[in-house]
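Atoms within a ligand are numbered from 1 in the order they appear, just like the ligands themselves. Treat the numbers as computed from the prediction; the structure is a model and nothing was measured.
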Amino acid sequence: MSNLSKMTQLLSQHYCPLDVLAYELNTTPTAILMDVQKLKRYGIPIEYHEEKGFHLAEPMGLLDNRELKRLIKSKSVRLELLEAIDSTNDYLKSLYHSEKMTFCVAELQTGGKGRMGKSWHSAFGKDLTLSFLKNFKKGVSQLSGLSMVVSLAVCKAIEDNYNLPKPLTLKWPNDILCQNKKLGGVLIEIQADKDNSAEVIVGIGLNVNSTHDTAGLIDQPWTSLALLNQRNNDRNLLCAAIINTLVQAMERFEAEGFSSFVDEWKAKDALFNQDIELTSDHKCFEGKALGVNENGQLILQLPDQTYHCFSSGNTSLAKSQENLEIA
Ligand code: BTN
C-alpha cells in the first residue's frame with residue numbers, strides 16, 4: 001500500500017496530528033505536508049484543526065496494487081496502477097505491446113477522453129477510470145459490437161455485486177445508464193490492424209463514489225454507484241470484479257463474436273421500441289429503435305417505414321419521449 005493510500009485511510013477514520021502521521025507512515029513531516037498539498041491539488045477537501053491535526057472531510061479509499069492483484073483471478077493479465085495520468089487510453093498506446101491483456105487504472109485523469117471528441121471528468125480517488133489493451137486474432141471488421149460487449153460486462157460486474165434500486169440499462173452504442181442517467185461510458189480505439197489481427201484499446205469511465213459534480217464540468221444527467229446504493233463503495237472490489245468479468249467476456253467475444261451477446265443486449269436495451277434521434281456521420285435521423293442485429297448495428301425504422309442499420313453514432317430519446325423513463 002502506498003503512503004498516500006495509508007494516509008487517506010487514516011485521515012478517513014479520524015483527525016491525525018502531523019507528527020503522528022509521520023510516525024505512523026514512517027516518514028518525515030515535510031513528506032506528509034507535500035502529500036497533503038498533493039491531495040489538495042487533486043481537489044480533495046482536507047480539514048485542519050490546530051490541536052487534532054488533519055482529517056478528510058469525506059472518506060476515501062484509494063486503489064491498492066496488491067489488493068487488486070489478489071482479487072484478479074486471471075494470472076495472465078498485466079496491471080498498471082497509476083496515481084495520475086492524462087488518459088489511461090493514451091498511456092496504453094505508449095506501452096510496449098504486450099501479448100498479455102494489459103489493464104491500466106488511474107486514480108486521476110487530467111485529460112480524460114469521452115466519445116465524439118468530448119472530455120471525460122472524474123474525481124481523484126472516487127470514481128473508476130481504467131483501460132485495457134488486447135490483441136485480437138481478428139480483423140477490424142470482425143470486432144463490431146466489441147464496445148457493447150464491454151458495457152454489458154461492466155453492467156454484469158456491478159449487478160452481480162451490488163443491490164441497486166433499478167436495473168442498469170444500455171443506450172446504444174455503449175452508455176451505461178440507471179434511471180435515464182449516465183453511470184458510465186466506454187471509449188474504444190483501434191491501435192493497429194494488420195495480418196488479420198487488431199490491437200485494441202478500450203477505456204471505461206464509471207462514476208463510483210462521486211456524489212456531486214464539484215468542478216461543474218459534467219454536461220448531461222449523471223448518477224453514480226454511491227448515489228444509487230447510498231454507500232461509499234470499495235473500489236478495489238469493484239475494479240477487480242470488472243476486470244474479472246471483462247477477461248471472461250473478451251474470451252467469449254473472441255470465440256463467438258457479438259452474435260452470442262444479442263439476447264443479453266436486448267435485455268438491457270434502453271432504446272428498444274422508443275422514438276429516438278440518431279446522429280451519424282454528421283447527419284441526423286429520427287425514427288423508432290428496433291434493437292440491434294448480430295453485428296451490433298442499431299436498427300432504425302424511419303418515418304417512411306424503411307429500415308436502416310447503423311454502425312456508429314450518438315443516440316438520444318426523441319424530444320417527445322424525453323420525460324419517459326427508460327429503465
Ligand atoms: C463516453 O464518452 O461515454 C466514453 C467515456 C470513456 C472514459 C474512459 S475513462 C478511462 C479511459 N481513458 C480515457 O481518456 N477515456 C476512457
**Asked** Taking atom OG1 of Thr129 and atom CH2 of Trp120, what is their separation to the nearest 0.5 Å?
**Response**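 Thr129 atom OG1 to Trp120 atom CH2 measures 10.0 Å (nearest 0.5 Å).
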Quick one: which ligand 1 atoms are inside 4.0 Å of a heavy atom on [X]?
X	result
Asp175	3 (O)
Thr88	10 (C), 11 (C), 12 (N)
Leu130	10 (C)
Gly112	14 (O)

**Prompt:** Between Phe310 and Phe285, does a ring-ring contact (aromatic ring centres under 6.0 Å, His included) hold up when you go through it step by step?
**Reply:** CA-CA 11 Å; Phe310 292 87; Phe285 302 85; 4.9 Å; yes
**Prompt:** Under a heavy-atom criterion of less than 4.0 Å, does Lys182 contact ligand 1?
**Reply:**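 Yes, that is the case, since the closest heavy atom of the residue is under 4.0 Å from the ligand.
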**Message:** Please determine whether any non-hydrogen atom of Lys118 lies less than 4.0 Å from an atom of ligand 1.
**Reply:**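 Lys118 does not count as a contact of ligand 1 under the 4.0 Å cut-off.
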[atom]: the protein heavy-atom neighbour that sits closest, reported with distance to 0.1 Å:
atom	value
atom 2 (O) of ligand 1	Arg115 N, 2.7 Å
atom 15 (N) of ligand 1	Lys113 O, 2.7 Å
atom 9 (S) of ligand 1	Gln109 NE2, 3.3 Å

**Prompt:** Is any N or O atom of Trp120, backbone or side chain, closer than 3.5 Å to an N or O atom of ligand 1?
**Reply:**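 Such a contact does not occur with ligand 1.
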**Item:** Thr129 N/O to ligand 1 N/O under 3.5 Å
**Value:**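 The answer is no, given that Thr129 and ligand 1 share no N or O pair closer than 3.5 Å.
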**Message:** In the structure I gave you, are the side-chain heavy atoms of Ile32 and Asp19 within less than 4.5 Å of one another anywhere?
**Reply:**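 A side-chain contact is absent here, since even the closest heavy-atom pair is not under 4.5 Å.
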**Asked** Of the backbone atoms (N, CA, C, O) and the side-chain heavy atoms from C-beta on, which set of Asp90 has a member under 4.0 Å from an atom of ligand 1: side chain, backbone, both, or neither?
**Response**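 Neither part.
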**Asked** Does ligand 1 have a heavy atom under 4.0 Å from the side chain of Asn174, from its backbone, from both, or from neither?
**Response**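 Contact part for Asn174 vs ligand 1: neither.
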Do any N or O atoms from the side chain of [X] and from the backbone of [Y] form a donor-acceptor pair under 3.5 angstrom?
X	Y	answer
Ser224	Ser210	yes
Asp127	Ala123	yes
Glu159	Leu168	yes

**Message:** Classify the ring geometry of Phe261 against Phe253: parallel below 30°, tilted from 30° to 60°, perpendicular beyond 60°.
**Reply:**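 Ring orientation, 0 to 90° scale: tilted.
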**Item:** Quiz item: cation-pi between Lys134 and Phe136, 6.0 Å / 45°
**Value:**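 Positive - Lys134 is close enough to the ring of Phe136 and near enough to its axis.
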**Request:** Cation-pi check, Arg78 to Phe103: give yes when NZ or CZ is under 6.0 Å from the six-membered ring centre and within 45° of the ring axis, no otherwise.
**Result:**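 Verdict for Phe103: no cation-pi partner in Arg78.
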